[in-house]
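Okay, structure first, notes after.
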Amino acid sequence: MKDKKDIRALSKDQLRDFFIANGDKAFRGNQVYEWLWNKGAHSFESMTNVSKDTRKMLEEHFVINHIEVDKMQQSSDGTVKNAIKLHDSLIVESVMIPSQKRSTACVSSQVGCSLNCTFCATARLKRMRNLNPDEIYDQVVSIDQQSRLFEGHPLTNIVFMGMGEPLLNYDNVMKAIDMIISDEGLGMSPRRITLSTVGLPKMIKQLADDEVKFNLAVSLHSAIDEVRSKMMPVNKSHNLTELLESLKYWYSKTSKRITFEYVVWKGINDKKKDIDALVEYCKRVPSKVNLIEYNAIDNGDFQQADPKAIEYYVRELERNDITVNVRRSRGKDIDAACGQLANKSS
Ligand code: SAH
């Protein structure tokens, strides 16, 4: 049997062309497209305003690959972690993080990761493949449903902070975001979406050239090359100077302030020189800092810094008029917090 193609790999134009090539009207393409994305159809059979013959024809040519929530775990703080099974049985994880009136979807962009950040659990998994646009989109849809069910309101925010490096899966992530913001998909505002990256300068410039309307977060963790390179090998090939240059470019094109994500570790980046370096770095491009709690992933190679060190960071940043937020971790009891996604449940 010939391999059938995933119908959601087709753009709307391609789908319209398919119908024309098969003696039907282009308009039929629009209808089916709406079923596939906006209405989230899992089968051709459910497309009730499409004739039986057309559905049969579609069935002969295509499949609708769909993610499956294989396992769901709920934290005592309301955070929900999903083990997502893909059509080829690989697993990724997604997280729903509720807070009073908001709920945030944390989604994966790759199966595993290739960047080897030493403090991150996902780094222990080999990068297997990129996720397709529909696999990213479906994670958002399923979390939107969970938010409605458990929180009584739709999803409000999306962060690309799950497994993988989104800028190494650029085209698919962009297609997924286009569909998330499109009225033909979920119609969400791009201002509610944040893409988080280790900081790949070329791709950050690409985002700027593409004039994206969503937010950018960079996992900084140190503003000293020597220290950052030890934790994030990517810094050896793209150092802080090169990163800064790309961030300035981003700001010049988008006028959007960058968020730096930053964990303070005991004995690694908790000294005055680390704080001074961060302050100087932040002064050079419009930015703010999210200090995130460290989520332990092993037997103590890394330890969260003393609260005093965090306080010192906050004080110095604020004294220099740099916005800083201290982020509590969520979903730790189910290994759903930042950097803990490693398919332990599978
Ligand atoms: N590759 C992207 C997105 C995935 S990681 C990136 O690096 O930004 C999402 C965030 O979790 C990043 O800021 C990352 O540095 C952080 N992170 C990874 N491991 C962590 C851990 N053990 N504790 C706290 N944050 C962690």
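Just so you know, ligand 1 is whichever comes first in the structure, and atom 1 is the first atom listed for that ligand. Keep in mind it's a predicted model, so treat the numbers as computed, not measured.
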Requested in this report: Inspect the surroundings of CZ in Arg191 and state if more than 12 heavy atoms from other residues, nucleotides or ligands are less than 6.0 Å away.
Outcome: no

Requested in this report: Could you tell me whether Glu261 approaches ligand 1 through its side chain, its backbone, both or neither, with non-hydrogen atoms closer than 4.0 Å?
Outcome: side chain

Query raised in the report: Considering distance alone, does some N or O of Ser219 sit under 3.5 Å from an N or O of ligand 1?
Result: yes

Report task. Would you please determine whether Met163 falls within less than 4.0 Å of ligand 1 on a heavy-atom basis? Result -> no

Report task. For the residue pair Asn215 and Lys256, confirm or rule out a side-chain donor-acceptor distance under 3.5 Å. Result -> yes

Query raised in the report: Which is it for Val218 and ligand 1 at heavy atoms under 4.0 Å: side chain, backbone, both or neither?
Result: neither

Report task. State which residues pass ring-ring contact (aromatic ring centres under 6.0 Å, His included) with Phe44; sequence neighbours excluded, sorted by chain then number. Result -> none

Requested in this report: Please confirm whether Gly162 comes under 4.0 Å of ligand 1, counting heavy atoms of the residue only.
Outcome: yes

Query raised in the report: With respect to atom 1 (N) of ligand 1, which of Ser196, Ala121, Ser109, Gly164 exhibits the smallest heavy-atom separation?
Result: Gly164

Query raised in the report: Is Lys4 salt-bridged to Glu59, cutoff N-O under 4.0 Å?
Result: no

Report summary line: So the atoms of ligand 1 within less than 4.0 Å of a heavy atom of Cys120 turn out to be 18 (C), 19 (N)

**Report entry** Charged N-O contact under 4.0 Å between Arg129 and Asp88
**Finding:** yes

Report task. Mark up the atoms of ligand 1 that fall under 4.0 Å of a heavy atom belonging to His221, in ascending order. Result -> 14 (C), 15 (O)

What donor-acceptor contacts under 3.5 angstrom involve side-chain atoms of residues 101-113, with partners at least two apart or in another chain?
residue : atom : partner : partner atom : Å
Ser103  : OG   : Ser147  : OG           : 2.6
Ser108  : OG   : Glu93   : O            : 2.6
Ser108  : OG   : Met163  : N            : 2.9
Gln110  : OE1  : Glu165  : N            : 2.9
Gln110  : NE2  : Asn130  : OD1          : 2.9

